[in-house]
Amino acid sequence: TVASMNSWWQVGTSFAALLSGSTSAQCKFEDNNGLLGAAPCATAEAKADAEKYCAALIARDGVYARCHGVVPVKAYYLECVHDRCAGAGACDAYVNYEEACAAAGVQTGSIIDQCGECHGDGVCGDK
C-alpha cells in the first residue's frame, strides 16, 4: 500500500542526528540497517582498505577540509566506506561531497581526475 511504502522510505531521526555529529545517534544509525547501516566489510583488511580509500574525505588538512565546517562530512565518509566494502562505486561519495560543497559556495580541490576516476592517474581509456 501507499501508506506502508511511505513509512518504508522515510529517513529516521537517527540519520539527521548523524549529520549533526551526535555519537549516540551514529551508534543507533549503524545498528538500524537503514540507509547505510553498518559497513558490510567481510574482513578487517577490507574495512582498513575502505577507510584508507575514503580518508581523503575527512583529512583535516586535505582538499576538502575547508568545506567541513559548512557541509558535515560524516555521512559522506560512511557512504564511501559502506560502498567500498560492498564493492560498489565508492567514488560517488566524493562526487556528492564536492557537489554539496559547491552548492554551499565552498570551492575545494578534488581527488577525482579528468577521467572521472577517484584517486586516478589521469590516463583515460584502456590501460
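In this chain, residues are counted from 1 in sequence order. Note: hydrogens, waters and symmetry copies are ignored here, and every other heavy atom, side chains too, is used. What you are looking at is a predicted structure, and each value in this text was computed from that prediction instead of being measured.
Ring planes of Y64 and Y94: tilted class, angle from 30 to 60°. In this pair, H68 and Y97 present their aromatic rings tilted. The plane angle is within the 30 to 60° band.
Taking all atoms of both residues into account, the shortest heavy-atom contact from C118 to I112 is SG-CG1, 3.8 Å. Between C80 and L57, the shortest heavy-atom distance links the atoms CB-CD1, 3.9 Å. The minimum heavy-atom distance between G122 and Q114, with the atom names listed, is O-NE2, 2.9 Å. The nearest pair of heavy atoms linking E98 to T108 is CG-OG1, 4.3 Å. Heavy-atom minimum distance, Y53 versus H119: O-NE2, 2.9 Å. Summarising the geometry of A46 relative to C85, their closest heavy-atom pair is O-SG, 4.1 Å, with the distance given to 0.1 Å.
No side-chain donor-acceptor contact under 3.5 Å links D83 to the backbone of A90.
The distance from atom OH of Y77 to atom CD1 of I58, rounded to the nearest 0.5 Å, is 4.5 Å. Distance check, rounded to the nearest 0.5 Å: CZ of R66 to CG of D61 gives 14.5 Å. C115 SG to D121 CG: the interatomic distance, rounded to the nearest 0.5 Å, is 7.0 Å.
Counting non-hydrogen atoms of neighbouring residues, nucleotides and ligands closer than 6.0 angstrom, the CD atom of Q107 reaches no more than 12 such neighbours.
Under the 4.5 Å side-chain criterion, counting only non-hydrogen atoms from C-beta, E99 is in contact with N96.
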